[in-house]
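Predicted, not measured: the structure shown is a model, and the values here were computed from it. What's counted below: heavy atoms across the whole structure, side chains too, no hydrogens, waters or symmetry copies.
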Amino acid sequence: MTLRFWLTIITISSALLTSSVIADDPCRYETSKGVIDLTSVGRTDGKPAYADKTPPASADYKYSYNPCKPFTELPNCIGVAACQVSADGKLSFSLGKQDSVKWNPGAGLGSIPSITYTEGAKLVTVTLVCSTDGSEDFDAMGESPINNYKFRLSHKCACYDGCGHTPPEPTTKSPGGGGGGLGGGGAFVIILLVLAIVYFAGFASYYKFRQQKSGAELIPHRTFWVALPGYAKDGAVYVFRRVSGKGAESYNSV
């Protein structure tokens with residue numbers, strides 16, 4: 001088996017694990033400064049909390065945004081976090097989905113946090129302004145430079161611990177689009193599946209192309225896997241007899 005083959009497998013596995021396990025939560029961001037929780041800001045009915053906002057410098061396009069949960073604005077914004085809409089409403093373009101979210105706490109004391117979304121070369125940056133008087137405002141600043149879109153959200157939930165008492169929602173993805181990162185159990189299952197694929201695909205390729213085997217002979221360590229159900233049965237019988245006090249005289253060690 002060539003080194004190039006194994007490097008390819010490792011690269012693909014690493015990419016899958018990175019994108020699935022360490023994705024940011026689109027609703028909550030926790031740092032040493034506190035928690036920014038936008039769960040209560042975003043709508044959950046598939047519509048944007050802030051719809052069709054026109055930038056002050058240009059009226060060619062309008063912009064819609066929904067924190068935390070995906071929304072749809074036809075014809076082309078389906079399950080998105082941010083959308084660009086033509087002035088006549090006939091065209092719409094996705095600017096990013098919830099699962100592309102990245103949080104930025106800002107640098108230095110007094111810095112303003114932000115949240116970004118991406119769609120191909122397009123980048124949306126939402127500056128989060130802490131509103132201590134309870135007021136709420138959303139501004140779409142437009143596109144500058146090309147493929148870079150600036151929004152500004154002023155809200156009490158944009159403050160650290162401003163809405164921090166909202167419990168985190170389960171990370172299961174909604175049918176319409178992105179969700180949070182996987183928990184420990186989900187990450188373990190993904191790792192296990194990737195390792196299993198590498199194990200079986202790697203040995204099968206080696207047996208087929210280097211040893212010219214075929215059929216059932218491609219199964220790695222076939223004798224062990226065929227005998228495994230019997231080993232499992234023997235183990236279960238042994239444990240049962242030990243627990244029930246009936247002895248384990250007939251147990252055959254693996």
Inset, instruction - Would you sort out whether Ser131 and Asp133 count as a side-chain hydrogen bond (donor to acceptor under 3.5 Å, both in side chains), showing the intermediate values? - result: CA-CA 6 Å; Ser131 175; Asp133 60 2; 2.9 Å; yes
Legend entry - Intermediate values then yes/no, ring-ring contact (aromatic ring centres under 6.0 Å, His included), Tyr61 and Tyr149: CA-CA 12 Å; Tyr61 291 98; Tyr149 305 85; 8.8 Å; no
Inset, instruction - For the pair Asn148 (side chain) and Ile146 (backbone), establish whether a donor and an acceptor sit closer than 3.5 Å, ignoring hydrogens and angles. - result: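 Side chain of Asn148 to backbone of Ile146, a donor-acceptor pair under 3.5 Å: yes, one is there.
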Legend entry - Any donor-acceptor N/O pair, Ser114 side chain to Val126 backbone, under 3.5 Å: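 Judged by distance alone, no pair lies under 3.5 Å.
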Legend entry - From Asp25 atom CG to Cys68 atom SG, the distance as rounded to the nearest 0.5 Å: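 If I round to the nearest 0.5 Å, the distance is 7.0 Å.
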Inset, instruction - Can you measure from OG1 (Thr125) to CE (Met141) and round to the nearest 0.5 angstrom? - result: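 Output value for this atom pair is 12.5 Å.
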Legend entry - Arg28 and Thr39, any side-chain heavy atoms less than 4.5 Å apart: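 Result yes, sub-4.5 Å side-chain heavy-atom pair found.
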Legend entry - Side chain proximity check, Val101 to Ile115, heavy atoms < 4.5 angstrom: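 The answer is yes; the side chains approach within 4.5 Å.
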Inset, instruction - Please say whether more than 12 non-hydrogen atoms of neighbouring residues, nucleotides or ligands are located less than 6.0 Å from NZ in Lys156. - result: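 At most 12 heavy atoms, drawn from other residues, nucleotides or ligands, come within 6.0 Å of this atom.
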Inset, instruction - Mark yes when over 12 heavy atoms from residues, nucleotides or ligands other than Arg152 sit less than 6.0 Å from its CZ; otherwise mark no. - result: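 Incorrect, the count does not exceed 12.
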Inset, instruction - May I ask you to decide whether Lys47 forms a salt bridge with Asp45, counting only side-chain N to carboxylate O separations under 4.0 Å? - result: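 The answer is no: the pair does not qualify as a salt bridge.
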Inset, instruction - Return the minimal non-hydrogen interatomic distance between Gly79 and Thr72, and the atom names on each side. - result: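 Closest heavy-atom pair between Gly79 and Thr72: N-OG1, 3.3 Å.
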Inset, instruction - Please check if Trp103 and Tyr160 belong to a single hydrophobic cluster, counting links between Ile, Leu, Val, Met, Phe, Trp and Tyr side chain heavy atoms closer than 4.5 Å. - result: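 Yes, Trp103 and Tyr160 fall within the same hydrophobic cluster.
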Inset, instruction - Output, in order, the C-alpha distance, side-chain angles, deciding distance and verdict of side-chain hydrogen bond (donor to acceptor under 3.5 Å, both in side chains) for Ser94 and Glu119. - result: CA-CA 7 Å; Ser94 171; Glu119 179 76 32; 3.2 Å; yes
Legend entry - Sole candidate of Phe138, Phe151, Phe71 that passes ring pair (Phe, Tyr, Trp, His ring centres under 6.0 Å) when paired with Tyr50: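 Between Tyr50 and the candidates, ring pair (Phe, Tyr, Trp, His ring centres under 6.0 Å) is satisfied uniquely by Phe138.
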Inset, instruction - With Pro26 as reference, evaluate Lys102, Lys97, Gln98 under the side chain to side chain contact (heavy atoms under 4.5 Å, CB included) test and give the passing residue. - result: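 Considering Lys102, Lys97, Gln98, a side chain to side chain contact (heavy atoms under 4.5 Å, CB included) with Pro26 is found only for Gln98.
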Legend entry - Residue of the set Gln84, Glu143, Lys53 for which side chain to side chain donor-acceptor pair (under 3.5 Å) holds with Tyr63: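 Single pass found, and it is Gln84.
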